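A short write-up of the structure that comes next.
We name chains A, B, ... by the order of the sequence lines, and we start the count at 1 in each one. What you see is a predicted model, and the numbers here were worked out from it, not measured in a lab.
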Number of protein chains: 2
Amino acid sequence: MLNSKIEVYVMFQIGELSDQTGVPAKTIRYYEDIGLLSPAKRDDNRYRLYDQKDAERLRFIKSARALNFSLQEIAQILAARDRHEPPCGHVMDLIQSHIDEVERRIQELETLRSELTNLYEAGQGLPEDVHMRSCVCHLIRISDSKRGN
Amino acid sequence: MLNSKIEVYVMFQIGELSDQTGVPAKTIRYYEDIGLLSPAKRDDNRYRLYDQKDAERLRFIKSARALNFSLQEIAQILAARDRHEPPCGHVMDLIQSHIDEVERRIQELETLRSELTNLYEAGQGLPEDVHMRSCVCHLIRISDSKRGN
DNA sequence: CATAAACCTTCCAGCCACTGGAATGTCAAG
DNA sequence: CTTGACATTCCAGTGGCTGGAAGGTTTATG
């Protein structure tokens, strides 16, 4: 075959895996501890050894984490794949519920931002008061009761 | 005095304080544990007893929590007040840095939302693939590499 | 008087996703 | 031979609670 390539099967240590993926070695061990990664092969000196498949799995985990998927959710996706079940339907549902969640959070934070901004503006020029009756500390209470809490 | 009122000094149990403030009793005990509330007076039966001043302090804590202040930050504010130092200058700084933080988070979440939305749209109509090469799981990887991670 | 219920107490453990640090082992270079 | 850079395990801490066990107290009811 003209297009064949010589592929050498190389295994590497945890530090190399960490460099390749940007995931701290501590975190990789942690992922193994909780079963997200299966127990790594070990060298004679008991050092963990990894290959490109491990790197790919870890990269997937990292990407999904960046999209704010929980380790549990990622574990479910990977477990489905490990059982040779296509996980995509489940993943689509997850994505949808994450979108909902993110939008909810954005709303909350925007409310929070405007409350903080109002508070800051109201607090400017107010006197300092140890008893929190005519200072921004008092306003914190007011901004809260306006919300009805 | 015509306008005088009869004020009866009543103390109440933790459940009542919880009802008044909406803060769970567990949380109140926790706040005492970490020193955010000073150790409560005890009844003969060792039950905690509270008065309106405690309720006010707890309401302040609750309001500040609702504005996303950490317990540490709240502890600082209250400690300053307990030392009879007006805490407002410090609080204004805190508010400003919280506004910055909230705006940063909103930005992050909006980026995340658009990534998730893109992903969802790209994933619609794609086949299921156990090996994650032509399904949304694969797209997770792609959306990540586009970010440069 | 017994019992149930609704309170309260302490203490320990768990959540999430790591992270820090101690104490120790292994290996290559100078 | 020592130094430095790797690796290992294990324990503990982060924040802000929350759940649950195992028990004590108080009040109401049969």
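- Put simply, CZ on A:Arg42 is 16 Å from P on C:dG25, counting in whole angstrom units.
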Under 4.0 Å protein heavy-atom contact, by nucleotide of nucleotides 15-27 of chain D - B base, S sugar-phosphate only: -BBSBB---BBS-

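- Counted within 6.0 Å of CD on B:Glu110, heavy atoms from surrounding residues, nucleotides or ligands total more than 12; the atom is thus considered enclosed.
- Between A:Arg29 and D:dT8 there is a side-chain N or O to OP1 or OP2 distance below 4.0 Å.
- As a whole-Å value, the separation of A:Leu37 CG from C:dA17 P is 14 Å.
- Atom CZ of A:Arg46 and atom C1' of C:dT24 are 13 Å apart (whole Å).
- Atoms CG (A:Asp33) and P (D:dT9) sit 8 Å apart, rounded to a whole Å.
- The pair A:Arg104-A:Glu108 meets the salt-bridge criterion, with a side-chain N (NZ, NE, NH1 or NH2) lying under 4.0 Å from an Asp/Glu carboxylate O.
- Using a 4.5 Å heavy-atom threshold, the side chains of B:His98 and B:Glu73 count as touching.
- In this structure, A:Ile28 places its CD1 atom 14 Å from C1' of C:dT19, rounding to the nearest Å.
- The one candidate from B:Thr21, B:Leu37, B:Ile77 that meets the side chain to side chain contact (heavy atoms under 4.5 Å, CB included) condition with B:Ile61 is B:Leu37.
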Derivation of the salt bridge (Lys or Arg N to Asp or Glu O under 4.0 Å) call for A:Arg48 and A:Asp54: CA-CA 11 Å; A:Arg48 288 173 179 81; A:Asp54 298 316; over 6 Å; no

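- Counting heavy atoms from C-beta on, the side chains of B:Arg29 and B:Glu32 never come closer than 4.5 Å.
- Counting to the nearest Å, the C1' atom of D:dC10 and the CD atom of A:Glu32 are 15 Å from each other.
- The phosphate of D:dT9 (OP1 or OP2) has a side-chain N or O of A:Arg48 nearer than 4.0 angstrom.
- A:Ile34 places its CD1 atom 15 Å from the C1' atom of C:dG14, with the value rounded to the nearest Å.
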